[in-house]
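No experiment lies behind these values; they were computed from the predicted model shown.
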Amino acid sequence: MKIKYLGTAAYEGFPGLFCECEACQKANAEGGKNIRLRASMTINEDTLIDFGPDIYMQKLRYNLNLANIRHFIMTHSHSDHFNPFDLMARSEGNYSHFQGENKGSKINVYGNEKVKEFFDFAVKVEFGGHQDFMNYIEVVPFKTYEVGKLKVTPLLAQHQPDEKSLIYLIEEERRTLLYANDTGIFPEATYEYLQNVKLDVVSLDCTHGARYAGGSGHLGLETCVQTKERLLSMGSACEETTFIITHFSHNGGLCHEDLEKVAIPHGFAVAYDGMEMKI
């Protein structure tokens with residue numbers, strides 16, 4: 001399984017859209033790994049987790065062939081993770097001029113009920129309510145789906161009260177990734193499911209950086225450490241498990257090197273845009 005972080009920022013990007021805080025000014029000045037687009041990840045050549053507002057820039061930056069993506073996995077409906085209006089460019093039939101000559105088979109989109117509502121709204125605005133290019137699979141938490149060569153299991157996140165936000169357990173050839181953006185401390189039902197799973201890589205939300213996250217729908221370094229310790233104590237993780245933090249907000253106050261200084265001693269790698277690894 002090959003993964004690539006296309007974006008590692010929270011909603012406002014890093015540096016923030018309208019921000020002049022110290023962290024954003026430092027990110028602007030130093031560039032490099034401090035410049036973060038909104039969160040998204042590719043898995044192998046045909047699967048994408050979250051389709052946000054920066055997808056076109058990510059396509060250009062990484063020479064990403066979006067025509068190869070057949071499976072779109074959505075965590076939740078927030079606009080930094082799901083931009084259905086850009087997905088309309090994948091339409092076929094009467095609207096195939098969006099694609100030009102390179103038209104492919106239907107895509108599969110996986111997500112919750114809110115994501116489907118948001119998508120249907122975009123279809124209504126753009127096309128009057130008709131779409132002919134997508135199969136939508138409304139996923140059920142703790143049920144495993146065959147997604148191409150992957151086995152994908154949505155798990156419950158702790159993010160917002162009005163939507164069943166999801167994190168995902170992804171498996172290929174007995175190698176496992178837990179992709180856990182936009183969640184606070186996991187619900188007990190999620191921990192219970194993970195009790196019998198051996199995790200090779202755990203990618204955790206760290207929106208708050210080193211600041212205390214409290215009971216919010218995101219994690220910070222302290223609660224990431226707590227999550228790691230819980231997974232280790234359960235036996236779901238071990239010394240060989242790779243722990244990564246991602247999804248950073250400028251409100252955490254730390255640029256990339258500063259994050260590494262506080263995270264590496266706790267056994268966390270700090271993700272950055274373009275980071276790749278084979279699991």
With Arg36 as the cation and Phe248 as the aromatic partner, state whether NZ or CZ is under 6.0 Å from the six-membered ring centre and within 45° of the axis.
-> no
Considering non-hydrogen atoms only, spot the tightest contact between Glu20 and Gln25 and give its length.
-> O-NE2, 2.5 Å
Step by step, work out the salt bridge (charged side-chain N to carboxylate O under 4.0 Å, His left out) result for Glu188 and Arg230.
-> CA-CA 11 Å; Glu188 284 302 314; Arg230 176 80 180 267; 2.9 Å; yes
Flag for His81-Asp182: side-chain donor and acceptor within less than 3.5 Å = yes
State whether Asp80 and Arg38 are salt-bridged, where the test is any N-O pair (Lys NZ or Arg NE/NH1/NH2 against Asp/Glu carboxylate O) under 4.0 Å.
-> no
Does a donor on one side chain sit under 3.5 Å from an acceptor on the other, for Thr8 and Asp273?
-> yes
Any pair counted as ring pair (Phe, Tyr, Trp, His ring centres under 6.0 Å), so long as it reaches residues 31-57, sequence neighbours left out | Phe51-Phe72
With no hydrogens and no angle check, do the side chains of His159 and Thr183 hold a donor and an acceptor under 3.5 Å apart?
-> no
If you measure only the distance, is there a donor-acceptor pair under 3.5 Å linking the side chains of Tyr62 and Thr42?
-> no
Determine, step by step, whether Ile73 and Ile43 satisfy the side-chain contact (heavy atoms from CB on, under 4.5 Å) criterion, reporting the C-alpha distance in whole Å, the side-chain angles of both residues, the deciding distance to 0.1 Å, and the verdict.
-> CA-CA 10 Å; Ile73 300 171; Ile43 302 177; 5.5 Å; no
More than 12 non-hydrogen atoms from neighbouring residues, nucleotides or ligands closer than 6.0 Å to NZ on Lys4, yes or no?
-> yes
Salt bridge (charged side-chain N to carboxylate O under 4.0 Å, His left out): pairs with one or both residues in residues 153-165, sequence neighbours excluded | none
For atom CD of Glu117, decide whether the heavy atoms of other residues, nucleotides or ligands shown that lie under 6.0 angstrom number more than 12.
-> yes
Linking Ile, Leu, Val, Met, Phe, Trp and Tyr by side-chain heavy atoms under 4.5 Å, what else ends up with Leu37?
-> Met57
State, with a plain yes or no, whether a side-chain heavy atom of Leu231 is found less than 4.5 Å away from one of Tyr191.
-> yes
Which ring pair (Phe, Tyr, Trp, His ring centres under 6.0 Å) pairs, counting each pair once, include a residue from residues 7-47, with sequence neighbours left out?
-> none
Exercise: identify the closest heavy-atom pair between Ser249 and Glu12 = OG-OE2, 2.6 Å
When every non-hydrogen atom of Ser40 is compared with those of Ile49, the smallest separation belongs to OG-O, 3.1 Å
Per-pair distances, 0.1 Å, donor-acceptor, side chain in residues 257-265, under 3.5 Å, sequence neighbours excluded:
residue : atom : partner : partner atom : Å
Asp258  : OD2  : Lys26   : NZ           : 2.8
Glu260  : OE2  : His256  : NE2          : 3.2

Among Val201, Leu150, Ile3, find the residue that satisfies the side chain to side chain contact (heavy atoms under 4.5 Å, CB included) test when tested with Ile170.
-> Leu150
At what distance, to the nearest 0.5 angstrom, does CD1 of Ile55 lie from CG of Asp50?
-> 9.5 Å
Donor-acceptor contacts under 3.5 Å from residues 133-144 side chains, at least two apart:
residue : atom : partner : partner atom : Å
Asn135  : ND2  : Asn108  : OD1          : 3.2
Tyr136  : OH   : Gly111  : O            : 3.4
Tyr136  : OH   : Asn112  : N            : 3.4
Tyr136  : OH   : Asn112  : O            : 2.7
Tyr136  : OH   : Lys116  : N            : 3.3
Thr144  : OG1  : Thr153  : OG1          : 2.7

